Protein chains: 2
Amino acid sequence: MAVTLKDVAERAGVSRSAVSRTFTEGASVSKKMREKVLKAARELDYSPSLIARSLATSRTKLIGLVANNYQNPVFVEVFDLYTRALQERGLRPLIVNLTDESDPQAFVRMLHQYNVDGVIIASSTLPQGYLTAFKDARVPVVHTFGRASPNPDFHIVGIDNIACGEMVAQALFDHGYRDVAFLGGPKTSTSTQDRLAGFERRSAKIGLRSSVIRYAEGYTYNAGRRAMKSLLDEFEVEAVFCGDDLICMGAMDAARDRGIAIPEELGFVGFNDMSMASWSAYRLTTIRQPFKDIILTSIELIDRLVENPAYPSEVKLLPCELIERNTLRSTSV
Amino acid sequence: MAVTLKDVAERAGVSRSAVSRTFTEGASVSKKMREKVLKAARELDYSPSLIARSLATSRTKLIGLVANNYQNPVFVEVFDLYTRALQERGLRPLIVNLTDESDPQAFVRMLHQYNVDGVIIASSTLPQGYLTAFKDARVPVVHTFGRASPNPDFHIVGIDNIACGEMVAQALFDHGYRDVAFLGGPKTSTSTQDRLAGFERRSAKIGLRSSVIRYAEGYTYNAGRRAMKSLLDEFEVEAVFCGDDLICMGAMDAARDRGIAIPEELGFVGFNDMSMASWSAYRLTTIRQPFKDIILTSIELIDRLVENPAYPSEVKLLPCELIERNTLRSTSV
DNA sequence: GGATTTTTTGCAACCGGTTGCAAATCGGCT
DNA sequence: AGCCGATTTGCAACCGGTTGCAAAAAATCC
């Protein structure tokens with residue numbers, strides 16, 4: 001059925017190795033031989049089987065891409081970047097969609113069975129089990145959007161959530177706010193914890209009251225909306241720092257539904273700068289994550305790691321940026 | 001390094017075939033043998049290499065998933081469904097992210113090289129070149145969200161866009177509108193063409209004026225916004241049928257920015273019922289596509305097609321539903 | 001208990017490539 | 001022309017599984 005190495009070799013009247021060599025990078029073939037082979041290959045419309053090659057070389061060019069945040073539209077942007085960047089490098093993503101019920105071991109085994117060259121984890125809310133499972137399987141792993149730790153077991157690429165929290169506290173203060181709330185994602189999410197930590201630390205330092213703290217049950221619009229409703233029932237604040245744009249939009253709509261004017265009566269700061277943040281229904285002031293840089297860096301890292309599995313663990317934190325739009329009142333105190 | 005069939009065979013003191021058989025569905029192994037093998041396998045933490053198996057069986061359990069609409073947040077929902085449904089069946093998606101510049105042939109070759117069992121195309125705006133390229137490569141293909149044709153060359157799973165267009169025309173008429181506009185996606189998109197065709201046909205029949213027609217340059221918020229602005233500059237209508245929710249939201253915001261009240265002064269109908277459509281900033285009346293059914297059907301179809309490549313081409317169109325929210329004035333004429 | 005049928009097992013070839021090694025070829029030099 | 005070292009080429013083993021076939025073992029029957 002399919003045309004193989006052997007067919008080309010026969011047609012060109014050369015050995016199988018000769019054909020193999022013309023199709024593998026940096027092998028020793030004379031110019032004449034290469035041309036003879038390529039001609040035969042062209043005539044037969046041959047292209048080498050990556051499966052067979054993988055078996056022989058134990059390299060697959062497959063990269064496992066593990067994620068569990070398919071609910072958040074920002075993920076579509078992230079996903080787009082990953083898949084494009086990988087395929088530009090000749091790598092293929094093998095997707096794992098983690099659901100709450102799925103068993104870590106099973107997925108690790110599966111990726112192992114496909115003999116992926118490496119794994120990129122794209123999630124800040126990943127059960128620890130996964131990470132250690134990969135470690136046990138000796139698969140190179142890069143954890144993107146993960147929490148930084150001084151002595152990491154894995155390569156981590158992400159942002160400094162603590163610094164971001166501080167940046168927001170400072171910005172709110174600079175805009176004249178003195179009494180603000182934090183509305184995070186799930187309490188168990190490390191990124192939420194870190195953002196809050198930074199937020200509180202800077203607040204304490206500069207004299208910003210930030211004792212009202214709420215957690216949404218998920219990084220979703222509805223969770224944000226619900227959490228904001230209950231926050232409004234109990235407290236009165238001047239501004240809210242939300243741990244995610246989606247949560248923030250839900251919160252803004254909850255406030256507007258009560259007739260609260262934004263930013264005149266209540267200010268908001270989001271997180272991520274997803275494309276919707278610039279929509280004129282929201283015009284959200286928010287923290288922009290350098291998604292593109294994070295993703296490119298992680299792919300570079302996994303590439304290097306595949307070459308040299310012993311490469312020592314690195315933590316790369318990339319800088320974020322405050323994008324000012326219309327959800328904070330203007331700077332005059 | 002990795003533990004192989006042979007290791008297990010030696011440890012269990014049996015032949016390699018015996019080990020292979022205990023790990024392949026429906027092979028002939030006695031209970032005693034199976035247990036002996038499984039015990040050895042467990043002790044060595046063995047799991048069969050899918051790469052090697054693929055080489056031997058020429059089945060990979062890989063399904064190419066080809067898409068080019070990574071800009072639209074609705075795609076994240078679609079993607080979630082695809083990846084989950086595939087992995088529940090023991091299949092793995094191999095993602096192809098088509099950009100405008102990418103060469104059809106190259107991707108077809110690539111999927112061929114990975115020896116994918118089948119390909120699912122998830123796009124309504126795909127250059128014809130891709131489809132024929134796959135056909136030439138004799139890879140089973142299911143085209144989802146594609147245009148129905150009486151004598152299709154491929155399996156198609158999607159919706160009846162013409163019927164949807166008719167449904168919207170009727171709904172607008174029933175709500176008392178008499179003078180409406182169509183604001184579609186790109187003019188080259190077959191789904192846009194079909195929706196318009198149905199819309200115009202029914203309009204003509206029931207006496208709904210629908211001669212104002214505009215196309216957004218893409219299925220994006222900004223494209224919708226721009227198109228709506230220019231529409232408002234030139235025409236006055238009572239309601240707008242948008243070819244996509246995202247376009248619709250852009251259009252609504254363009255209208256609101258001019259102080260137009262929705263639905264009192266201007267009605268809107270969207271398409272897709274993406275999760276944002278229910279946000280209280282929009283509360284969009286829209287057509288819901290049965291994404292889940294479409295996707296499950298397409299996977300079933302590709303499964304069957306892999307078993308039997310000669311399976312005759314089918315077109316499956318699934319019914320849509322009008323979801324009424326708050327962007328049309330109430331029914332009283 | 002022996003003949004016959006059915007099930008289980010092992011052998012060996014194969015899937016489509018890669019690669020270490022030794023033989024063959026080439027080019028340059030005296 | 002003859003010799004030497006560098007390149008190029010082919011042989012054959014290997015990557016880790018599957019599977020048709022025939023022999024061996026077990027189950028069935030009389």
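Note that these values count all heavy atoms, side chains included, but never hydrogens, waters or copies made by symmetry. Throughout, a chain's letter reflects where its sequence line sits, starting with A, and its residues are numbered from 1. Note that the structure is predicted; figures quoted are calculated from it, not measured.
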With a 4.0 Å cutoff (strictly under), does any side-chain N or O of Ser30(A) reach OP1 or OP2 of dT7(D)?
no
Is Arg21(B) side chain donor-acceptor paired with the dG17(D) base, going by distance under 3.5 Å alone?
no
Look at Ser28(A) and dT7(D) and indicate whether a side-chain polar atom (N or O) is within less than 4.0 Å of OP1 or OP2.
no
Could you tell me whether the side chain of Gln87(B) reaches within less than 4.5 Å of the side chain of Asn97(A), counting heavy atoms only?
yes
Do Glu43(B) and Lys39(B) meet the salt-bridge criterion of a basic N to acidic O distance under 4.0 Å?
yes
Is the backbone N or O of Asn68(B) less than 3.5 Å from a side-chain atom of Ser123(B), with the two atoms forming a donor-acceptor pair by type?
no
Regarding Ser54(B), tell me which of base, sugar-phosphate or nothing describes its non-hydrogen contacts under 4.0 Å with the strands shown.
nothing
Could you check Thr57(B) against Arg34(A) and say which one's nearest nucleotide on DNA chain D is further toward the 5' end?
Arg34(A)
Which one, dG16(D), dT18(D), dT18(C), comes nearest to the side chain of Leu5(A)?
dT18(C)
Choosing from dT18(D), dG17(C), dC15(D), which nucleotide comes nearest the side chain of Thr4(A)?
dG17(C)
Starting from the C-alpha separation in whole Å, work towards a yes-or-no answer on side chain to side chain contact (heavy atoms under 4.5 Å, CB included) for Tyr82(A) and Ile120(A).
CA-CA 10 Å; Tyr82(A) 267 121; Ile120(A) 295 179; 3.6 Å; yes
Residue-level proximity of residues 7-20 of chain A to DNA chain C when a heavy atom falls under 4.0 Å:
Arg16(A), Ser17(A), Ser20(A)
At a heavy-atom distance below 4.0 Å, what parts of residues 36-52 of chain A sit against DNA chain C?
Tyr46(A), Pro48(A), Ser49(A), Ala52(A)
Sugar-phosphate only, base, or nothing, as touched by Thr24(B) at under 4.0 Å among non-hydrogen atoms:
sugar-phosphate
Considering the options Ser298(A), Ser313(A), Pro140(A), Pro312(A), which one meets the side chain to side chain contact (heavy atoms under 4.5 Å, CB included) requirement together with His155(A)?
Ser313(A)
Does Asn69(A) form a side chain to side chain contact (heavy atoms under 4.5 Å, CB included) with Phe145(A)? I'd like the steps, not just the answer.
CA-CA 12 Å; Asn69(A) 27 21; Phe145(A) 307 107; over 6 Å; no
